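What follows is a short report on a single structure.
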Amino acid sequence: MSINVFNKYINPSRFPFFYGYLVMVVGTIGVWASLPGQTVGVSIFTEPVKEAVGLSRNQFSAAYMIGTIMSSLLISAAGRWFDRFGARKVAAMAAVVLAFALFMASLSDVLVSTIQRFISFYHWIVPFVFMAVIFFLFRFSGQGVLTMSSRNMVMKWFERFRGRVNAFSALSISLGFSIAPVLIDKLIQSFGWSGAWQFMGLALLVMFFIIILFFRDSPEAHGLLPDGQPPKGDCKAVEGRVMRSFEPGEAFRTRAFWMYALMLSFNSFFITGFTFHVVSIFETSGFPRSEAISIFIPIAAVSVSFSLFFNFISDWLQLKIILYVMIVGGFLAVGGLMGLTLGWGLYLVVAGLGIMGGLFSVLNAVAWPRLFGRKYIGTISGKAMSFIVFASALAPMVFSLSFTWLGSYVWVAWLSFCFMLFVAIASVKANNPRLT
C-alpha cells in the first residue's frame, strides 16, 4: 500500500490551522528520534560495550571512525533522495534501518561470540568489523538521514518565519539532547546496555508510524504557501522578497558554502570527540565520572539561551554575524580544553560548547535555504552534512590518539586552535551570494 493513501485521512489543505506548525512538531520529534545515532546517544555506551565485545579504547574509536566515514560517503546521496522522493519516504526508511541497527547492537556480545565460534577465528578483528557496521548504520540512518530529512522538511514549510519556527525546534532538541545522557545512563543502570538499546529500538518503530502519518514534503504539494500566507508589502525579513534558488554545483563554488560547512564540521568534530571521551577527559583532569556526565546540563543552558535568541533574530540578522559568534564559541571551547586541568577551563568549556551547540542548531537549519534557496535544499545540505559526519568520524580517533600516544588531550586542542584561526580569517568574505 502506498504511503500516500494517508493523505486521504490527514490532508494538510483541510487542516483548521496551518499544517506547517504540525510539521514543526513532528519534525522536531524526528530529530529526537535520531538520538541513538548521534554522538551524545552513543558515547554513554562506550565503556560497557567496548568491554563486552572485547575491544580497546583505540580499537573501539577506530571502529566508530570507520563506520562514520562510510556513512559520510553516502549522506550526499541521501540529500538527493530527499529532493527526489520527499521527506516522508526517506525519513521512514531511516527510522526502520535505525531500529534494526539498535536491535542488532543490543546483541553485540552474543552475535560476536557466535560469529567467532562459527568461523573458528577468535581475534579482535571480528568485534571490530561488527561494531564498524553497527556504527555505520547508526550514523547513516540516525545522525545523517533522519536528522536531515526531519530538519529540512520543517525548513521547506517556512521562509519569513523560519528563524522563529527553528527557535522552538532547536530549543526542544537542545533540551532533549542535553538530558539524554542522564536518561540513557539511567536506562543502562536499570536494564543494562543491551536492554537500553532494545528500548530505543522499539521507540524507533513507533517513530516510523508517526512519520508515515504526519510527515509531508512541502506546502506547495498541497496547494499551500510557505508560512501559510503571502508576504506583506512592508515585510523586513531577509526572505521577505522572492529570490532565486541556486543550483547545487553553483552553490558548491561559493566561499559561503565552504566556510559555513567547515565551521559546522568543526563543531561536529570537537563536540563529538569531547563527548565520546568525556569520562576519560574529566578523570585525567581530576574530576569524577559523575561530573563528566552532569556537565551537559550547564552546557545545555548556554546552548538553549543562544539558540533561542539567535533563532528569533536570524530572520533579520546577517548570517555572517551568527557565524562569527559561533567562531568565538569555538575558541572558548578549545581554550577550555587546554586549561581543564587548572580548573578555570571548565567554565570556558561550558561556555564554548554551549555557544557552538546553540548556534549549530541555527546555522545548520537556516543557513542553507537562506544562502541558496529551498529548491535543492536536500542536495546542498546533504553535501554539508557529509562533511559534518566525516568530521565527527575523525574526532574520537584523533582525541584518543592525542591521549594514548601523546599523553594528553591538550594536543588535539592545539590542532583545533589552528583550524579555528584559519576559519576565522577565511570567513571574512563569506557573504550571502543571494544578496550580492
Side-chain angles (χ1 to χ4, degrees), residues 10 12-13 15-34 82 86-88 91 146-177 210-211 214-232 235-243 245 260 264 303-319 321-322 326 357-375 377-378 380-381 384-385 432 434:
I10 303 176
S13 63
F15 254 59
F17 57 86
F18 179 51
Y19 192 81
Y21 294 111
L22 180 58
V23 166
M24 173 185 68
V25 174
V26 295
T28 299
I29 297 173
V31 179
W32 280 346
S34 74
F82 178 90
R88 183 159 47 163
L146 187 54
T147 300
M148 179 194 66
S149 300
S150 301
R151 181 181 286 119
N152 283 347
M153 176 184 65
V154 177
M155 295 301 99
K156 289 186 74 171
W157 278 80
F158 297 92
E159 284 186 342
R160 302 180 311 283
F161 304 154
R162 185 176 289 136
R164 282 160 283 184
V165 166
N166 195 49
F168 165 82
S169 182
L171 172 63
S172 303
I173 293 166
S174 294
L175 289 175
F177 278 28
I210 293 175
I211 291 169
F214 300 112
F215 271 40
R216 296 295 186 274
D217 187 49
S218 69
E220 290 88 349
H222 303 280
L224 301 173
L225 294 172
D227 308 303
Q229 56 184 314
K232 297 180 180 179
C235 179
K236 293 183 174 59
V238 173
E239 293 194 83
R241 61 187 186 278
V242 177
M243 293 183 285
S245 292
Y260 283 87
L264 293 171
S303 177
V304 166
S305 300
F306 273 76
S307 175
L308 199 59
F309 177 73
F310 280 96
N311 264 306
F312 267 112
I313 67 173
S314 67
D315 289 328
W316 306 279
L317 190 66
Q318 290 185 27
L319 284 179
I321 295 175
I322 304 176
M326 189 174 181
L359 297 187
F360 179 89
S361 67
V362 180
L363 292 181
N364 197 34
V366 172
W368 310 123
R370 172 82 67 82
L371 294 171
F372 306 113
R374 294 186 303 135
K375 186 175 181 180
I377 186 175
I380 294 171
S381 66
M385 181 63 76
N432 188 334
R434 296 175 88 199

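Owing to the predicted nature of the structure, the values given are computational and were not obtained by experimental measurement.
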Rounded to the nearest 0.5 Å, what separates atom [atom1] in [X] from atom [atom2] in [Y]?
{"X": "Ile29", "Y": "Met24", "atom1": "CD1", "atom2": "CE", "result": "10.5 Å"}
{"X": "Phe306", "Y": "Met326", "atom1": "CZ", "atom2": "CE", "result": "12.0 Å"}
{"X": "Leu225", "Y": "Ser218", "atom1": "CG", "atom2": "OG", "result": "11.0 Å"}
{"X": "Ile377", "Y": "Arg370", "atom1": "CD1", "atom2": "CZ", "result": "12.5 Å"}
{"X": "Met385", "Y": "Asn364", "atom1": "CE", "atom2": "CG", "result": "5.0 Å"}
{"X": "Leu319", "Y": "Phe310", "atom1": "CG", "atom2": "CZ", "result": "12.0 Å"}

Quiz item: Using 30° and 60° as the class limits, which term best fits the ring planes of Phe15 and Phe17: parallel, tilted or perpendicular?
Solution: perpendicular
Exercise. Decide side chain to side chain contact (heavy atoms under 4.5 Å, CB included) for Phe82 and Asp217; before the verdict, give the C-alpha distance in whole Å, the side-chain angles of both, and the deciding distance to 0.1 Å.
Key: CA-CA 9 Å; Phe82 178 90; Asp217 187 49; 4.2 Å; yes
Locate the shortest heavy-atom distance separating [X] from [Y]; write the atom from each residue and the value.
{"X": "Tyr260", "Y": "Ala367", "answer": "CD2-CB, 4.3 Å"}
{"X": "Asn152", "Y": "Ser381", "answer": "ND2-OG, 2.8 Å"}
{"X": "Ser307", "Y": "Ala170", "answer": "OG-CB, 3.0 Å"}
{"X": "Trp32", "Y": "Ser172", "answer": "NE1-O, 3.0 Å"}
{"X": "Val366", "Y": "Ser314", "answer": "CG2-OG, 4.3 Å"}
{"X": "Met153", "Y": "Trp157", "answer": "O-CD1, 3.1 Å"}

Exercise. In sequence, state the C-alpha distance, the side-chain angles, and the governing distance for Ser169 and Asn311, and then conclude on side chain to side chain contact (heavy atoms under 4.5 Å, CB included).
Key: CA-CA 10 Å; Ser169 182; Asn311 264 306; over 6 Å; no
Exercise. Output yes when a side-chain donor or acceptor of Arg374 lies under 3.5 Å from a complementary backbone atom of Lys156, and no otherwise.
Key: yes
Practice problem: Please lay out, stage by stage, how Tyr21 and Phe18 fare under the test ring-ring contact (aromatic ring centres under 6.0 Å, His included). | Solution: CA-CA 6 Å; Tyr21 294 111; Phe18 179 51; 5.7 Å; yes
Self-check item: Side-chain donor-acceptor pair present, Ser34, Thr147, cut-off under 3.5 Å
Solution: yes
Quiz item: Any side-chain heavy atom of Phe215 sitting closer than 4.5 Å to one from Ser150?
Solution: yes
Practice problem: Report yes if some heavy atom in the side chain of Thr28 is under 4.5 Å from a heavy atom in the side chain of Ile173; otherwise report no. | Solution: yes
Quiz item: With the threshold set at 4.0 Å, does a side-chain nitrogen-carboxylate oxygen contact exist between Arg160 and Asp315?
Solution: no
